[in-house]
Amino acid sequence: MDINASIIDQQLTGILQKPLPTWLTGHLDEPPAWFERFGNDDNKKRSAAFVLLCMSSCLDLPLEDCTDWLTEGSNDAGVDGLYIGEVDDGEFLVTIFQGKYKVNDLSGQANFPENGVQKAINTVQVLFDPSKRVDLNPHLKPKVEEIRSMVLEGYIPNVRVILCNNGAKWTDQAQRWIDQSGLPERQIQWLHFNHNSVVGILSKTKTVNDTLRLVGKAVVEDFNYRRVVIGKVLVSEVAELFNRHEDSLLQRNIRRYLGLHENRVNLAIQSTLVNPDCRENFYFFNNGITIICENFRYNALQSENFELKLQGMQIINGGQTCKTIQQTLNNPELPSEYQNTFVMVRVYELSKEDQSFVTDITYATNSQNPVDLRDLRSNDDLQKQLELGVKNLGYVYKRQREQGSVGSNTLTSLTVAEAVLAIWREKPHQAKFRRKEHFGKFYDDIFKNLNAAQAILATLIFRQVENERKRPSHKNPPTFLPYASHYIAMLVGRRLLKERGIQLGDVTHQQFNVLREFLDQNTSRLQEAATQDIVQALTKCYGEREISLQQLSATFRRGDLLEMLDEVI
């Protein structure tokens with residue numbers, strides 16, 4: 001028995017047995033609701049739990065958030081999980097998960113099945129072509145039609161196929177099928193993920209100690225009671241560093257990296273490296289790498305070519321540069337002459353007491369791309385004030401992702417931002433489809449003048465509406481329900497204020513308990529009314545003709561209904 005395979009099997013038992021918060025299930029101590037579709041088949045439940053764990057590890061999302069992307073079941077076309085990223089510069093990333101879990105074989109030796117690879121190839125060839133029809137289950141079909149709707153609008157999908165198992169990678173024959181599939185290599189990426197991968201991510205951050213060889217002159221100085229080194233290193237040094245330590249160097253980097261994403265930045269980095277006319281100027285074209293460490297030592301008697309001995313080193317900016325360098329230099333089919341190709345490095349020696357300062361540096365050096373800025377905003381005064389106000393009303397506000405488990409009285413900053421933007425700011429399409437900007441471009445719009453009572457009520461409304469979307473109370477829910485929860489939540493918020501005869505500014509701690517009680521007693525009625533409002537708006541927009549899922553997806557994504565809703569309400 002493989003020890004890591006055994007560890008993961010124990011993890012799956014915990015996932016299957018652990019009750020969820022009441023706001024996810026609707027009933028106290030109810031087993032995880034997302035496995036009920038598999039009935040009493042324990043093997044299928046364990047397989048689904050494995051896919052869920054892999055998704056959570058790969059996407060860096062809590063388990064409960066990944067349940068929305070779990071599509072395993074009958075008619076799943078080999079897609080057990082499907083995650084759709086946001087549009088960025090005309091492109092969007094789609095991550096497909098296919099899991100093969102051997103319940104009775106924990107040796108960790110079995111290859112990913114060849115027929116599973118064949119099925120994945122066929123799936124990719126079909127799913128992204130809007131002209132091809134395929135019979136899919138109700139968990140998968142709305143997501144696929146959303147992808148196809150985006151493709152029809154001209155957005156380019158970059159696809160990451162992650163084949164997960166509790167064994168070894170697929171065979172050489174299966175790899176040949178991938179190579180001969182005719183799928184574009186620059187647009188499709190195939191990755192293997194197994195029990196060892198999950199354990200590696202779940203393991204605590206390891207301290208990285210290593211030596212970094214600088215080339216030529218370097219600046220070393222004390223500044224504001226801290227030490228700084230600025231110099232240059234060979235790109236081959238960076239590649240070797242990552243070959244030794246892999247992603248343990250990136251634990252503090254806010255851009256979670258898994259493979260070479262085919263975006264313009266990484267392609268430009270690779271293009272510069274492989275171009276003999278450009279690679280020697282790589283130092284000037286790249287923004288460089290920022291490293292923090294607990295301590296660095298070097299021979300001060302030398303005038304140049306220092307060997308820096310670093311303790312507790314972490315890369316907080318330039319992680320994508322490093323990974324692209326590693327993959328480019330490790331590719332035997334690409335040029336290998338890099339003896340004059342350098343990249344700038346900045347090394348900051350910071351003490352353990354400098355954690356808030358580390359956050360400030362990370363924010364400043366990464367703010368050009370507002371991915372996961374919620375963690376970096378966590379020390380903002382607005383966040384601290386909201387945390388205190390929420391606590392006074394009997395709830396817990398998590399400013400950061402790593403602050404413990406989520407309970408029924410716990411609010412995460414991520415959910416609050418999404419709920420407030422959709423409900424009180426009445427921008428439901430931006431709340432859903434521009435999540436990366438919630439803590440960037442939309443931060444002030446969301447959090448400025450937001451009090452704790454408004455934040456909690458918005459989150460409660462959003463949770464209730466999401467519960468209805470995931471587990472409809474009606475046997476035949478409306479076809480637009482998978483796309484409309486942010487709009488429904490907005491309309492519930494409108495009706496709540498209207499029926500209580502108050503404005504948003506009147507929602508304070510003094511009114512909170514009354515409003516919460518009214519919401520609990522009337523949530524079903526308010527959601528029914530909001531759903532009927534959307535039916536009327538869609539009729540006004542499209543008439544009585546049938547609307548395809550692709551059209552519905554596009555309608556809610558573009559915000560076409562906002563004006564119609566104002567007219568019908």
Side-chain angles (χ1 to χ4, degrees), residues 88-91 93 156 158-160 175 178-179 183-192 208 210-218 229-250 252-291 304-308 310 313-347 365-366 368-369 371:
D88 184 9
D89 198 19
E91 303 175 352
L93 179 66
I156 300 173
N158 292 308
V159 185
R160 186 171 60 178
Q175 182 60 49
I178 292 174
D179 296 338
L183 294 169
E185 293 183 7
R186 295 177 67 87
Q187 205 170 342
I188 311 290
Q189 185 182 21
W190 297 83
L191 299 168
H192 178 241
V208 178
D210 211 322
T211 299
L212 194 66
R213 289 180 286 272
L214 304 184
V215 178
K217 299 287 185 179
V229 178
I230 301 176
K232 66 177 183 288
V233 299
L234 285 164
V235 294
S236 57
E237 178 86 357
V238 174
E240 291 169 7
L241 187 67
F242 269 76
N243 287 339
R244 290 193 295 271
H245 301 288
E246 291 295 340
D247 289 351
S248 57
L249 288 160
L250 300 175
R252 298 211 47 154
N253 193 294
I254 66 169
R255 294 190 183 98
R256 187 65 176 264
Y257 193 104
L258 180 59
L260 178 58
H261 300 178
E262 292 291 342
N263 61 39
R264 293 188 182 183
V265 174
N266 291 345
L267 287 176
I269 292 172
Q270 186 179 71
S271 220
T272 302
L273 286 171
V274 301
N275 188 331
D277 297 325
C278 297
R279 73 171 67 110
E280 292 191 5
N281 289 321
F282 186 80
Y283 178 89
F284 300 101
F285 298 153
N286 191 271
N287 290 332
I289 302 165
T290 303
I291 302 172
E304 57 185 30
N305 298 326
F306 298 133
E307 282 199 8
L308 290 180
L310 304 171
M313 65 181 297
Q314 282 285 295
I315 292 172
I316 62 172
N317 183 259
Q320 295 195 50
T321 293
C322 294
K323 292 293 291 186
T324 305
I325 288 173
Q326 180 195 24
Q327 293 195 6
T328 302
L329 269 64
N330 286 349
N331 189 335
E333 298 179 1
L334 295 176
S336 57
E337 300 295 326
Y338 299 103
Q339 62 266 32
N340 292 316
T341 306
F342 302 93
V343 64
M344 181 196 305
V345 294
R346 294 176 291 274
V347 181
T365 55
N366 286 279
Q368 72 273 14
N369 186 351
V371 177

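Residue numbers run from 1 in the order of the sequence given. From a predicted model like this one, the values you see are computed outputs, not experimental measurements.
- Every residue meeting the ring pair (Phe, Tyr, Trp, His ring centres under 6.0 Å) condition with F306, not counting sequence neighbours, appears here in chain and number order: Y298.
- By the side-chain contact (heavy atoms from CB on, under 4.5 Å) test, T211 pairs with E307, K309, sequence neighbours left out.
- Under the rule for a side chain to side chain donor-acceptor pair (under 3.5 Å), E304 has no partner lying at least two apart in sequence or in another chain.
- Of all non-hydrogen atoms in G231 and A218, the two that sit nearest each other are CA-CB, 4.3 Å.
- Here the CD-OG1 distance, from E237 to T341, works out to 14.0 Å after rounding to the nearest 0.5 Å.
- Residues satisfying the side chain to side chain donor-acceptor pair (under 3.5 Å) test with N340, not counting sequence neighbours, are none.
- Side-chain contact check for V215 versus V233: every heavy-atom pair is 4.5 Å or farther apart.
- Taking 4.5 Å as the limit, some side-chain heavy atom of V345 sits within range of a side-chain heavy atom of L214.
- Atom OH of Y283 and atom CE of M344 lie 4.0 Å apart (nearest 0.5 Å).
- The side-chain heavy atoms of E337 and R279, taken from C-beta on, include a pair separated by under 4.5 Å.
- Counting heavy atoms from C-beta outward, V347 and L308 have side chains that approach closer than 4.5 Å.
- I289 CD1 to C322 SG: the interatomic distance, rounded to the nearest 0.5 Å, is 3.5 Å.
- Partners of N243 under the side chain to side chain donor-acceptor pair (under 3.5 Å) rule, at least two apart in sequence or in another chain, are Q326, N330.
- Although no hydrogens or angles enter the test, the distance criterion places no donor-acceptor pair under 3.5 Å between the side chain of R160 and the main chain of Q189.
- Listed by chain and residue number, I269, F282, N286, I325 satisfy the side-chain contact (heavy atoms from CB on, under 4.5 Å) test with T321 (two or more places apart in sequence, or in another chain).
- With rounding to the nearest 0.5 angstrom, the CD atom of Q327 is 8.5 Å from the CD atom of Q270.
- For Q175, the side chain to side chain donor-acceptor pair (under 3.5 Å) criterion is met by W170, D179, not counting sequence neighbours.
- Nearest heavy-atom pair across R346 and T290 is NH2-OG1, 3.1 Å.
- Under the rule for a side-chain contact (heavy atoms from CB on, under 4.5 Å), the partners of L183 that lie at least two apart in sequence or sit in another chain are I121, V124, Q125, S181, I188, W190.
- For the pair R244 and D210, the minimum side-chain heavy-atom distance is below 4.5 Å.
- The structure places CG of L241 at 7.0 Å from CD1 of I291, a figure rounded to the nearest 0.5 Å.
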Could you walk me through whether I315 and F242 pass the side chain to side chain contact (heavy atoms under 4.5 Å, CB included) test, one step at a time? CA-CA 11 Å; I315 292 172; F242 269 76; 3.4 Å; yes
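- The OH atom of Y338 sits 5.5 Å away from atom CG of L273, with the distance rounded to the nearest 0.5 Å.
- For the residue pair Q187/N158, the side-chain donor-acceptor check at 3.5 Å is not satisfied.
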